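Take a look at the structure set out below.
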Amino acid sequence: MLELKKIISFKKILILLAFFVLYYLLVIKPYVVMYNGSWQMEADLAEEIKERYGLTLLPDEFTMLKAQKPVYEPGETDNFIAGNTEYTSLHIYSLRELLDGIGKGRFTLEEENRLWFQLHDKVSPDVVSAEMERLIFFDIWDYFIDSYEREAIRGDVRYEELTASASARVEMRNQEEVYSPCPRNVVEYNFALLRYFTVFIMLGATFFVMPYMVSENRSRMPALQCSFRKGRSYYRNRLAAVVGTVLVIAILVCILYAVCAKQDRVFVFWDCPISGFASGFIGWLPWTLGSYTISALLFATLASVGLSMMVFVITSYLSSHVSAIAWQLPVVVFSILYGGFLLFKFGEIHKPLFIAPAVGISVFAVGLIAVFVQGRVEKKKDMV
């Protein structure tokens, strides 16, 4: 416990939180939704489907849902456009057609500005804005229905050139998981959160360990204690403190992740299969959104424990912060590559399934071997 207190202090926790605030503002914030709009509207519809039909939207239930789709009624803006010769001469008869034409670049900049100015002058900006938002609501309905008909009914797949085993997995997914209403926006934002939080777990853990090890070596206390038979347990105490620190930091980061994930409504769809018709994602295993998330955080924690044990062994021989920082650079690079890229959508159907888990487990195994060998070395030191 004494060694754990040396590593984890109130001051260091405050520094970690301060660094997280900076990290949040610069990196994570764009993926934490705190506003209304199309993102929330899509999640609202998916949540309504889940509450009404459960974790799966079966074909007969889809028929009922489709019958309940709201009917679009032309608004004031649509009526103005349909009755204006300047719009109809360009084959524009509704607000949706105007937006589609602008999106596809059908008009010159002068024509586009003239058309918009007419709407704002004759209809008013508030009405146009409200009716554009109403269009988003119907677009989301169309997206869910089109996705269901394409994925769940016809069995279309958005991935190309799949292997035989991947195709077999897709067939298995189409038997049940495809009916999940888990929305694309929640899934994609959760992937982004996991990407940046897993990097933070590994970097935070190793940077806690390095200063502690260097300060211990500079104090000469380890050599003094290991010179006595009673002090032989000191190595184990230090190792336990390092591993305990990693786990504490992982727990703290997971709590911070949970706060952001709650804002992104991840827990609303926690028990939904992630490979649903609306998610645009197919995984190698029948994960739910929750099990996939826990797996990613677990592999990141496992890798961070392994990295920290390696840092523990390497820095046992260093008494200079400059040398220790130099040894930390490969750890930083690995943490960014593993957490930021290899663990990002690591279970997606067009990627090898076992690479990310194998790397995480291998790093953990190497760390275990390193501390075991170092422990044997400690036992052979001369005793008074």
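Sequence positions, counted from 1, serve as the residue numbers for this chain. Nothing here was measured: the structure is a model prediction, and the numbers come from that model.
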Heavy-atom closest pair, residues Asn79 and Pro74:
OD1-CB, 3.9 Å
Can you tell whether the side chains of Arg173 and Glu151 come within less than 4.0 Å, N to carboxylate O?
yes
Ser180 to Cys272 - nearest heavy-atom pair and separation
OG-CB, 3.7 Å
Could you tell me whether the side chain of Ile49 reaches within less than 4.5 Å of the side chain of Phe144, counting heavy atoms only?
yes
Applying side chain to side chain contact (heavy atoms under 4.5 Å, CB included) to Ile201 and Leu297, what does each step give before you reach the verdict?
CA-CA 9 Å; Ile201 286 176; Leu297 293 173; 4.3 Å; yes
For Val128 and Trp116, work out which heavy atoms get closest and say how close.
CG1-CZ3, 3.8 Å
Taking NZ, NE, NH1 and NH2 as the nitrogens, is one of them in Lys69 or Asp142 under 4.0 Å from a carboxylate oxygen of the other?
yes
If I take atom CG from residue Asp146 and atom CG from residue Asp139, how far apart are they, to the nearest 0.5 angstrom?
10.0 Å
Could you check whether any side-chain heavy atom of Leu285 comes within less than 4.5 Å of a side-chain heavy atom of Tyr292, counting everything from C-beta outward?
no
Listing request: all ring-ring contact (aromatic ring centres under 6.0 Å, His included) pairs with a residue in residues 347-371, at least two apart in sequence or in separate chains.
Tyr159-His350
Could you tell me the separation between the CZ atom of Arg158 and the OG atom of Ser147, rounded to the nearest 0.5 Å?
5.0 Å
What closest approach, in Å, do Lys351 and Phe344 show between heavy atoms, and which atom pair accounts for it?
NZ-O, 3.1 Å
Under 4.5 Å side-chain linkage, directly or through intermediates, the cluster mates of Ile251
Ile255
Show the atom names and distances, to 0.1 Å, of all donor-acceptor pairs under 3.5 Å that link a side chain in residues 20-30 to residues at least two apart or in another chain.
residue: Tyr23; atom: OH; partner: Tyr196; partner atom: O; Å: 2.8

With a 4.5 Å limit on heavy-atom distance, are the side chains of Asp264 and Asn190 in contact?
no
Would the number of heavy atoms belonging to other residues, nucleotides or ligands and lying under 6.0 Å from CD of Glu133 be above 12?
no
Which is it for Met172 and Ser275 under the side chain to side chain contact (heavy atoms under 4.5 Å, CB included) test, yes or no, and what are the steps along the way?
CA-CA 11 Å; Met172 184 177 72; Ser275 299; over 6 Å; no
Taking C-beta and beyond as the side chain, do Arg134 and Tyr72 meet within less than 4.5 Å on heavy atoms?
yes
Identify the heavy atoms of Phe346 and Ser295 that sit nearest to each other, and give their distance.
CZ-CB, 4.1 Å
For Tyr93, the other hydrophobic cluster members (4.5 Å side-chain criterion, sorted by chain and number) are none
So does Glu76 pair up with Lys122, basic N to acidic O under 4.0 Å?
no
Just checking Glu110: does its CD atom have more than 12 heavy atoms from other residues, nucleotides or ligands closer to it than 6.0 angstrom?
no
Geometric cation-pi criterion Arg184 and Tyr143, 6.0 Å radius, 45° cone
yes
Measure centre to centre between the rings of Phe62 and Tyr179, then say whether the value is under 6.0 Å.
no
Of all heavy-atom pairs linking Phe197 and Cys260, the shortest is CZ-SG, 3.9 Å
Quick one: salt bridge (charged side-chain N to carboxylate O under 4.0 Å, His left out) pairs with a partner in residues 266-290, sequence neighbours left out?
Lys50-Asp271
What's the verdict on ring pair (Phe, Tyr, Trp, His ring centres under 6.0 Å) for Phe200 and Phe19, showing C-alpha distance, side-chain angles and the deciding distance?
CA-CA 10 Å; Phe200 193 75; Phe19 179 70; 5.7 Å; yes
Please say yes or no: joined through hydrophobic side-chain contacts below 4.5 Å, possibly via intermediate residues, are Val366 and Leu298 part of one cluster?
no
Might you work through the side chain to side chain contact (heavy atoms under 4.5 Å, CB included) test for Glu47 and Phe269, ending with a clear yes or no?
CA-CA 8 Å; Glu47 184 175 359; Phe269 305 97; 4.0 Å; yes
Quick one: are Leu289 and Val186 in side-chain contact, heavy atoms under 4.5 Å?
yes
Glu111 CD: over 12 foreign heavy atoms closer than 6.0 Å:
yes
Salt-bridged, Arg169 to Glu177, with N to O below 4.0 Å?
yes
Check: Phe267 ring centre within less than 6.0 Å of Trp270 ring centre:
yes
How long is the straight-line distance from CG of Leu95 back to OG1 of Thr77, given to the nearest 0.5 Å?
5.5 Å
Shared ILVMFWY cluster between Val178 and Val157, side chains joined below 4.5 angstrom?
no
Quick one: are Thr288 and Leu55 in side-chain contact, heavy atoms under 4.5 Å?
no
Within the structure provided, determine whether Ile140 and Asp44 are in side-chain contact (heavy-atom separation under 4.5 Å).
no
Transitive ILVMFWY side-chain link Ile294 to Ile274, under 4.5 Å
yes
In a table with atom names and distances, give each donor-acceptor pair under 3.5 Å that connects a side chain of residues 332-341 to protein atoms at least two apart or in another chain.
residue: Ser335; atom: OG; partner: Val331; partner atom: O; Å: 2.8
residue: Tyr338; atom: OH; partner: Ala356; partner atom: O; Å: 2.7
residue: Tyr338; atom: OH; partner: Gly360; partner atom: N; Å: 3.3

First locate atom CG of Asp156, then atom CZ of Arg150, and finally report the distance between them rounded to the nearest 0.5 Å.
7.0 Å
For side chain to side chain contact (heavy atoms under 4.5 Å, CB included), just list the numbers for Met64 and Arg52, CA-CA rounded to whole Å, side-chain angles, deciding distance to a tenth of an Å, and then say yes or no.
CA-CA 11 Å; Met64 292 188 289; Arg52 187 180 304 175; over 6 Å; no
Should Tyr53 and Pro181 count as side-chain neighbours, where that means a heavy-atom distance under 4.5 Å?
no
